[in-house]
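Comments concern the structure below.
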Amino acid sequence: MTRSVIDPITRIEGHLRVEMEVENGVVADAWVSGGCFRGMELVVQNRTPEDAAQIVERICGVCPVSHAHASSIAGDKAYGITISNNARIIRNLLEGAQFLHSHILWLYNLAALDYVNPLNALQANVDNAYAVALENGLALHSDLNQLYDKLGAFAANGQLSIFSGNWFDADNGEAYKLTPELDLILTSHYLEALKMQARASEMAALLGGKMPHVMTSIPGGNMWVPTESKLDDLLAMAIEVRDWVNDTVLADTVALAGPYAEALTFGKGCGRYIAWGVFEGNGWPYGDNYIEQMKNRYLPMGVLDENFGVTDVEESKIQEYMGHSWYKGDDTYTSPYFTTDPDYTDYNVDDRYTWVKCPTYDGKPMEAGSMSRIFAAYVRGVPFIKENVDAVLGILGAQPGDLSAFQSTLGRTAIRQVETMYVADLMVEWVNELMEAIKGGDSEYFRAPERTTGEGSGFWEAPRGALYHSEKVKDGKIEGYQIIIPSTWNLAPINSEGEHGPLEQALIGVPVADIEKPINALRTVHSFDPCTACAVHVTDRATGKSFETVTS
Ligand code: NFE
């Protein structure tokens, strides 16, 4: 038995450590530790819900829009507001722009370097690379000769910058397996992706005043007022990103499936999934029927069991357990009455080893994220998702409807591309929908509060998965606030029943040829697209301002 540790994990957001026990070349046990302590919920105490939506999005620079929206939905509910149809479309557009930014950035600029070695591209025959691209249906938007020369100059310079420190030199049979020609083609997409994620961000900035940390979505709707020229710009950018996405993301991921087929055999995780749903549907409004609203989202809500059976979310089944995290006590709290007293003790995997709390649903660990959303959408019969998921299953040699074929490290990586394509398509549809609504004379974007005392929970999705904000408001001021973040579900430690969290379970069974460079473990971590800046939050009971203290 040997220990293998990756600390810090790079090419993610935040501070994450993974410790594994390796036996006979396979991970036998694993512990995931979030090493960053924050305190965002405290900051919004005694402030207005409008302020809260602006403040809580500072949790993260990758998914601020999702936090603004989950907070705004909680505020809408506390204030008794149903937002206008225009505000619904604009929130969808703003959220969609951020999803595209995040998914493109994650695939190409964060995860791909586990599979693609840009320096190996220098061994390529450029003419052959063109032929390989044509044979495999891979997009050619860049001049590969120019890129080859540029890479040569870059390598000769000796300062490898972001390409240094990776495990490109690992020589253990499981490391980098692409031909130099494929490495060259995919490196061209890596560089194009830098522009495309920026373009998606530009859409968010246009709709939100700036990005990250947009300014326009607040309880009551959205403050962005479209003009003809802004809508034109938005449509042009949405089409540009959609066309690039449709050309690249899925074909590129499929190109990895041959050389890295082994990554389809490990990394399953806990096999249970939650999605709260995102992008409000066009049967608007749904009035007080929030469950119906969540089921009718473009990516609908769903809680999935081991057999992909879907049920509706019940808020009271969400709990958080503290016993393995650096907080006082071993209690389990039930939604929305969570509380937290931070209390750092030593890093000890037999006791407490992370700042990440342990959320469970019905007592079980649950995976959040793109795969959960796609599974929920597939089971609920969303046409685009069904069609494209079945097409990908065909490419993987699996039967239509066999969702279990995705339950692996590379499956999780591949299925996210269906979502990227779906959102890229929807962005164009929503711009057109907004234009039609305005042409039809609809100019309502914002509604004032119906009341100033109330409470509400915003169930929504960030790119990394199910996001929950809950608030209690009295006379227009926040008395209690709670957040559960997607990565908190995925990076959760062992629960009160001794069951490992989703990423920990995914790591167990991963082959490790070299404990110094456990690249399959890194691929598995990246397949979850973790963010520890998002994952760790506290409400300090000692101040008397936590949700639990107020309500009990
Ligand atoms: Ni910091 Fe976030 C997303 C949220 S995940 S990236 O997506 O919520 O922890």
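One is the number of the first residue; the rest follow in order along the sequence. Remember, it's 1-based here, ligands and their atoms both numbered in the order they're listed.
Distance check: Ile385 CD1 to Ile374 CD1 gives 4.0 Å after rounding to the nearest 0.5 Å.
Checked by distance only, ligand 1 and Pro463 come closer than 3.5 Å through their nitrogen or oxygen atoms.
With distances taken over non-hydrogen atoms, the option nearest atom 7 (O) of ligand 1 out of Gln98, Arg464, Glu57 is Arg464.
In the vicinity of Ser487, heavy-atom distances shorter than 4.0 Å reach the ligand 1 atoms 5 (S), 9 (O). Numbered from 1 in the order shown, with element, the atoms of ligand 1 that lie under 4.0 Å from a heavy atom of Cys531 read 1 (Ni), 5 (S), 6 (S), 9 (O). Those atoms of ligand 1 that come under 4.0 Å of a heavy atom in Ala462, given as number and element, are 3 (C), 4 (C), 7 (O), 8 (O). Set against the non-hydrogen atoms of Ile485, the atoms of ligand 1 under 4.0 Å away are 4 (C), 5 (S), 8 (O), 9 (O). Every atom of ligand 1 is numbered from 1 in the order shown, and the set under 4.0 Å from a heavy atom of Pro486 is 4 (C), 5 (S), 8 (O). Short contacts between ligand 1 and Cys60, defined as distances under 4.0 Å to a heavy atom of the residue, involve ligand atoms 1 (Ni), 6 (S). Below 4.0 Å from some heavy atom of Leu467 lie the following atoms of ligand 1, by number and element: 8 (O).
Annotation: cation-pi pair Lys472/Tyr481 absent, no NZ/CZ under 6.0 Å from the ring centroid and within 45° of its normal. Taking the centre and axis of the six-membered ring of Phe308, the NZ or CZ atom of Arg272 falls outside the cone set by 45° and 6.0 Å. Geometrically, Arg412 does not engage Phe406 in a cation-pi contact defined by less than 6.0 Å to the ring centre and at most 45° from the axis.
By the 4.0 Å N-to-carboxylate-O rule, Lys317 lies close enough to Glu314 to be salt-bridged with it.
Taking the six-membered ring where the residue is Trp, Trp460 and Phe279 present perpendicular rings, their angle passing 60° and hence far from 30°. Using cut-offs of 30° and 60° for the angle between ring planes, the Tyr353 and His324 rings count as tilted.
Not one N/O/S atom of Cys63, from backbone or side chain, sits under 2.8 Å from atom 1 (Ni) of ligand 1.
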